[in-house]
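Atoms within each ligand, like the ligands themselves, are counted from 1 in listed order. By convention here, the first residue in the shown sequence is residue 1.
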Amino acid sequence: MLRTAVVVDRAYINHRATYEHPERPERVRILLDMLSGFQRDNLRSIVPRAATRAEVTLCHDEDYFAFVEGAAAFRDYQFDPDTYAGPGSFATALLAVGGVLTAVDAVMAGEVDNAFAIVRPPGHHALKRRAMGFCLFNNVAVAAAYLIETLKLKRVMIIDWDVHHGNGTQELFYRSSRVLYASLHQYPFYPGTGALGEVGAGEGAGFTVNAPLSAGYDDQEYLRVFDELFMPIGRRFEPEFVLVSAGYDCHARDPLGQMRVSEAGFAAMARRAKRLAAETCDGKLVAALEGGYDLQALANSARATLEEFGREADEPMPGAEGGRRADEMIEKAQAVLSRFWTV
Ligand SMILES: [Zn+2]
């Protein structure tokens, strides 16, 4: 068995809207309930620390940091029609970034083999100087920047299986060859980015890998994208750390997304991320919660991910059965990326 950490805190409840919003405190409450019934000898719980200003500004502008801090003075503040803040939001957002950093530190120190940071607000839409799509700070992007700038790693891979494209993460590393960003997402869909032709620019050309998927795709299409695109490119990239933007809004029951992924699908994707990390970087792997708005699907899927993280990395990895609807997109992606990678 692998040693896994879950990083979580009740304080993630303190970011709340004054009206009904899908990104709500109950998401963390149900995960805490799930965890209370999920005890394993190889699973330990770690309390997150808050990220510092210096850490957050590895990815975000100083002015934007101050702007988010200032929003806490309001009972309710809208960055845009989707994205709110209240009195507890700034502290919770710092704890969300810090939760992923806590997980990264635990893995880098060898205290555990891998970790899952259950955090909110989510992060992957947050831009350098702008909140959007329920996200204030880009938790996973800051963790990648921390690994590279502070801990001096050379290459970090981010796998993003949230149903939405992580436009913030993509943009932050679009010109970097240090961070390989690989996303599967419903397309066309919010936020509109993530087309096949978006492959990075300058030194970062080839280090953004987008797999835009039609609505209604299920586990098999997702696994095919992993097996024919993400795994071969990831092996050649040879990351020194693998981060996962783990959104569960591609689950069949999710009220926002229209995909058909199941708990078994999340476990199979987690197994692939774990295998890639085992092959390239001694298994160094951290997942961080992004979306997922059906509470029961979220709890079941997060549990499936944690179960998978705790299993040995050499378990069999059966390929997709079917999933042929994704073939055309995969072939186009391979053609576009063949300038940069042998796939
Ligand atoms: Zn999402």
Side-chain angles (χ1 to χ4, degrees), residues 12 15 17 20-28 30-31 79-84 93 96-97 99-100 116-127 130-143 158-172 181-195 198 208 210-219 221-222 225 243-263 265-266 269-270 273 287-302 304-305:
Y12 288 120
H15 168 65
E20 210 167 289
H21 195 290
E23 208 294 280
R24 57 206 192 277
E26 287 74 16
R27 297 180 64 234
V28 160
I30 197 155
L31 290 170
F79 291 96
D80 68 21
D82 296 324
T83 314
Y84 64 87
V97 177
V100 187
F116 187 13
I118 292 175
V119 301
R120 62 179 289 277
H124 72 157
H125 298 303
L127 298 158
R130 186 178 154 203
M132 66 178 281
F134 317 164
C135 303
L136 304 186
F137 297 134
N138 197 319
N139 311 317
V140 166
V142 173
I158 299 173
I159 298 170
D160 186 336
W161 71 52
D162 188 282
V163 77
H164 303 98
H165 181 244
N167 61 303
T169 311
Q170 170 171 302
E171 190 170 306
L172 283 161
Y181 176 66
S183 174
L184 314 110
H185 43 273
Q186 186 175 328
Y187 186 89
F189 200 47
Y190 183 89
T193 49
E198 295 168 23
T208 292
N210 279 306
L213 305 172
S214 303
Y217 281 11
D218 63 22
D219 294 354
E221 279 84 18
Y222 274 71
V225 169
L243 295 166
V244 178
S245 267
Y248 296 97
D249 42 10
C250 49
H251 190 282
R253 285 173 51 133
D254 193 85
L256 270 57
Q258 281 104 42
M259 304 311 255
R260 313 290 307 164
V261 177
S262 73
E263 285 80 350
F266 290 113
M269 289 194 283
L289 179 64
E290 298 279 1
Y293 305 101
D294 179 277
L295 296 181
Q296 201 53 57
L298 173 62
N300 295 344
S301 303
T305 304

Who pairs with Phe134 by ring pair (Phe, Tyr, Trp, His ring centres under 6.0 Å), at least two apart in sequence or on another chain? His21, Tyr293
Are the aromatic rings of Phe189 and His164 close, with centres under 6.0 Å apart? yes
For His125 and Tyr190, I'd like to know if the aromatic rings sit close, meaning centre-to-centre distance below 6.0 Å. yes
The Zn ion (ligand 1) to His164: nearest N/O/S atom name: ND1
Could you pull out the atom name of the N/O/S atom in Asp162 that is nearest the Zn ion (ligand 1)? OD1
Can an N, O or S atom be found in Asp249 less than 2.8 Å away from the Zn ion (ligand 1)? yes
So, is His124 placed with an N/O/S atom under 2.8 Å from the Zn ion (ligand 1), counting both backbone and side chain? no
Would you kindly say whether Tyr248 and Asp254 are connected by a side-chain donor-acceptor distance under 3.5 Å? no
